[in-house]
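Worksheet: one structure, shown below.
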There are 2 protein chains.
Amino acid sequence: MLLSDTLMAKEGCSACPIRHRAVCARCDSDELSRLEEMKYYRTYEAGQHIIWSGDRMDFVGSVVKGIATLTQTMEDGRTQMVGLLLPSDFVGRPGREGSAYDVTATTEVVMCCFRRKPFERMMEETPHVAHRLLQMTLDELDAAREWMLVLGRKTAREKIASLLSIIARRSTLLEQQAADDGVAIDLPLTREAMADYLGLTLETVSRQVSALKRDGVIVLDGKRRILIPDMERLLEEAGDDSDGGLPV
Amino acid sequence: MLLSDTLMAKEGCSACPIRHRAVCARCDSDELSRLEEMKYYRTYEAGQHIIWSGDRMDFVGSVVKGIATLTQTMEDGRTQMVGLLLPSDFVGRPGREGSAYDVTATTEVVMCCFRRKPFERMMEETPHVAHRLLQMTLDELDAAREWMLVLGRKTAREKIASLLSIIARRSTLLEQQAADDGVAIDLPLTREAMADYLGLTLETVSRQVSALKRDGVIVLDGKRRILIPDMERLLEEAGDDSDGGLPV
DNA sequence: TCCTTTCCTTGACCCAGATCAAGCGCAGAG
DNA sequence: CTCTGCGCTTGATCTGGGTCAAGGAAAGGA
């Protein structure tokens, strides 16, 4: 999700400030009102499963509030997070029956949903929506591939720094804070969830967070609130070649 | 790419047996002839770069013949393969200027290409194409996420088995061999390329391939040709929960 | 108030896979 | 036919991160 779109999302339809614009930034008013009639909201508590892997999925939607995770689990219990869903992120696969992943609410989550069939029908008729979804999916694909580099080739310290910089980038985009004297992020994940995202154990995550703190790369305010005094420094630690990077 | 589509691809337009159907399985003849006028072919030698990361990319296309890889590289030289392109796979990002990855020909590769701008224009006008591309991109996203589990949580032995089963699945789909008495695959990758795909070193790849051979899970015929006497056994070794799996 | 639970930290030790190093085998060049 | 180089294998050793284990701290709940 690009900055400009996020801004548009903020000034979007009053009932659902993010979703309409996120799904289709260029819909005309007819299409907007059709979307309006179709939509409904659902709230999930922290820890609740939104979708189980293998489940039949009869809706698609966007996260409006809160944070959800996409995870895959092997029979023996090893789990890997494959996506992090922040407000404005889309959930669901138009044209697919089932979900391949577990989707779980990390905090309380509000979703804006559409029943899948009518949504798919509308997608067929309104090219803009399909086009927008293609762009969003390409963004997700880029993010997934960037994460493959993190998982396959980075050290534990670099992995932590990568995760923090991605979360920092996304939350500064959403909150639009200038961040001249450092960025503060509210870490929405437990150490275990971070470990599942990074392909590490929670002990290693804890140790590396402590190490980054000891070395002055980050400042902890409690367990979950993290201050990043120097973003450049963090990106260096992450081994990122450019400050830019892809939308996640 | 689904089995049914691959079959359709095989009986598709004579000049380019795979591409038209791959891009749009449901185009009517007008659209097909427009595609026909736009297309051109390019051949790349083994080892040649098709696209450099960061390059402006003025075309999109499909692999018709040969194998190409998608890789990401850090400044210090660590590299991670993020995709494997077999015949019928699509290359390029409609709506994007540059490529985020290096695309390299592993064998001799024939690509069927379209200049990006006209292709994008056509995409706007023919919803089927956009829809088809969305489906293909969703497949790639699923494959990327499945790979995240491999990279983040599997052991070296499981990683090798996962790679072999994915290549076996894909090549049996393409070649349509029944494979009752085992599957034979022509490994199109060096040990180093396999290592880059799996987030390992080439020594570890070599050792684990030897171990799988010793344990009778695979049979080597030279360095590159691999026989899989029992596919179920291999999938077990890969730690895959189901024999099914996603299209890659 | 104390107790329980959940999340986190830190230490001690171990092992899978990395690193360093040597050598094999085959294909193409001379 | 030998030489050379590349891809591959295998051995020896090292180490980053996993595993096991012991608490600490903060947030409810009784």
Side-chain angles (χ1 to χ4, degrees), chain A residues 45-48 67 69 74 76-80 104 106-108 150-164 186-215 218-226 237 239, chain B residues 45-47 69 74 76-80 106-107 150-164 186-215 218-226 237 239:
Chain A
E45 294 160 35
Q48 197 180 352
I67 285 162
T69 62
M74 296 171 69
D76 62 8
R78 284 178 280 176
T79 89
Q80 175 66 50
T104 314
T106 294
T107 61
E108 186 184 88
V150 172
L151 290 174
R153 292 302 185 192
K154 292 195 177 178
T155 65
R157 175 183 261 245
E158 288 170 334
K159 285 178 173 183
I160 301 286
S162 298
L163 177 59
L164 293 180
D186 251 317
L187 201 52
L189 303 170
T190 64
R191 298 288 185 261
E192 188 177 22
M194 292 173 71
D196 284 342
Y197 205 2
L198 297 166
L200 299 170
T201 59
L202 67 91
E203 291 96 330
T204 299
V205 170
S206 182
R207 272 187 254 272
Q208 295 298 335
V209 168
S210 298
L212 288 174
K213 174 185 162 193
R214 174 170 37 72
D215 298 346
I218 59 175
V219 178
L220 293 193
D221 174 12
K223 306 285 184 197
R224 297 291 189 85
R225 191 161 186 80
I226 294 186
E237 292 284 352
Chain B
E45 295 161 32
T69 62
M74 296 171 68
D76 62 8
R78 282 177 282 176
T79 89
Q80 175 66 49
T106 294
T107 63
V150 172
L151 290 173
R153 292 302 186 191
K154 292 197 178 178
T155 65
R157 173 183 262 244
E158 289 169 334
K159 284 179 174 183
I160 301 286
S162 298
L163 177 58
L164 294 180
D186 251 318
L187 201 53
L189 303 170
T190 65
R191 297 287 184 263
E192 188 177 21
M194 291 172 72
D196 284 342
Y197 205 1
L198 296 166
L200 298 170
T201 59
L202 68 92
E203 293 95 331
T204 299
V205 170
S206 181
R207 272 187 254 271
Q208 296 298 335
V209 169
S210 299
L212 288 174
K213 176 185 161 193
R214 174 170 39 72
D215 298 345
I218 59 175
V219 178
L220 292 194
D221 175 12
K223 304 287 187 198
R224 297 292 189 85
R225 191 160 185 80
I226 294 185
E237 292 285 352

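Each chain gets a letter, A, B and so on, in the order its sequence line appears, and its residues count up from 1. Values below: every heavy atom of this structure, side chains too, minus hydrogens, waters and symmetry copies. Please read all numbers here as calculations on a predicted model, not as lab measurements.
- Along DNA chain D, the nucleotide closest to Lys223(A) and the one closest to Ser210(B) are compared, and the more 5′ of them pairs with Ser210(B).
- No contact: Gly47(A) has no heavy atom under 4.0 Å from any strand.
- dG23(D) atom P lies 18 Å from atom CG of Leu202(A), rounded to whole Å.
- Side chain of Lys213(B) to backbone of Ile218(B): no donor-acceptor contact under 3.5 angstrom is found.
- For Thr201(A), whose side chain is taken as the heavy atoms from C-beta onward, the closest listed nucleotide among dT9(C), dT19(D), dA18(C) is dT19(D).
- At whole-Å resolution of the value, CG in Asp221(A) and P in dC8(C) are 15 Å apart.
- Taking atom CG of residue Asp76(B) and atom C1' of nucleotide dT19(C), one finds them 15 Å apart after rounding to whole Å.
- Between the side chain of Arg157(A) and the base of dG16(D), no donor-acceptor pair under 3.5 Å is found.
- Heavy atoms of Leu200(B) sit under 4.0 angstrom from primed sugar atoms or phosphate atoms, though from no base atom.
- Atom-to-atom, CG of Leu187(A) to C1' of dC7(C) comes out at 13 Å; the value is rounded to the nearest Å.
- Place Arg153(A) and Val205(A) on DNA chain C by their nearest nucleotides, and Val205(A) ends up nearer the 5' end.
- In this structure, Thr204(A) contributes its side chain and Leu200(A) its backbone to no donor-acceptor pair below 3.5 Å.
- Remark: the Arg214(A) side chain and the dT10(C) base include no donor-acceptor N/O pair separated by less than 3.5 Å.
- At distances below 3.5 Å, at least one donor-acceptor pair connects side-chain atoms of Thr107(A) with backbone N or O atoms of Ile67(A).
- Under the 3.5 Å distance criterion, the side-chain polar atoms of Arg214(B) are left unmatched by any main-chain donor or acceptor of Val209(B).
- dC6(D) atom P lies 15 Å from atom CZ of Arg224(B), rounded to whole Å.
- Listed nucleotides: dT9(D), dG17(D), dG17(C). Nearest to the side chain of Thr204(B): dG17(C).
- Residue Leu220(A) contributes atom CG, which lies 20 Å from atom P of dG24(D) at whole-angstrom precision.
- For dA16(C), the OP1/OP2 oxygens have no side-chain nitrogen or oxygen of Thr155(B) closer than 4.0 Å.
- Taking the charged nitrogens against the carboxylate oxygens, Asp196(A) and Arg78(A) have no contact shorter than 4.0 Å, which rules out a salt bridge.
- Across all strands, Gly222(B) comes closer than 4.0 Å to no nucleic acid atom at all (heavy-atom distances).
- In the set dG11(C), dT9(D), dG17(D), dG11(C) carries the atom at the smallest distance from any side-chain atom of Arg207(A).
- Summarising the geometry, the separation between NZ on Lys213(B) and C1' on dT10(D) is reported as 12 Å, rounded to the nearest angstrom.
- Closest contact between the side chain of Glu203(A) and the listed nucleotides dA12(D), dG7(D), dT19(D) involves dT19(D).
- The phosphate of dT9(D) (OP1 or OP2) has a side-chain N or O of Ser206(B) nearer than 4.0 angstrom.
- Distance from the side chain of Arg191(B) is smallest to dC8(D) among dA12(C), dG17(C), dC8(D).
- Neither OP1 nor OP2 of dT6(C) sits under 4.0 Å from any side-chain N or O of Thr190(A).
- Rounded to an integer number of Å, the gap from Lys159(A) NZ to dG16(D) C1' is 11 Å.
- Of the possible donor and acceptor atoms, none in the side chain of Arg191(B) sits under 3.5 Å from a partner among the backbone N and O of Ser206(B).
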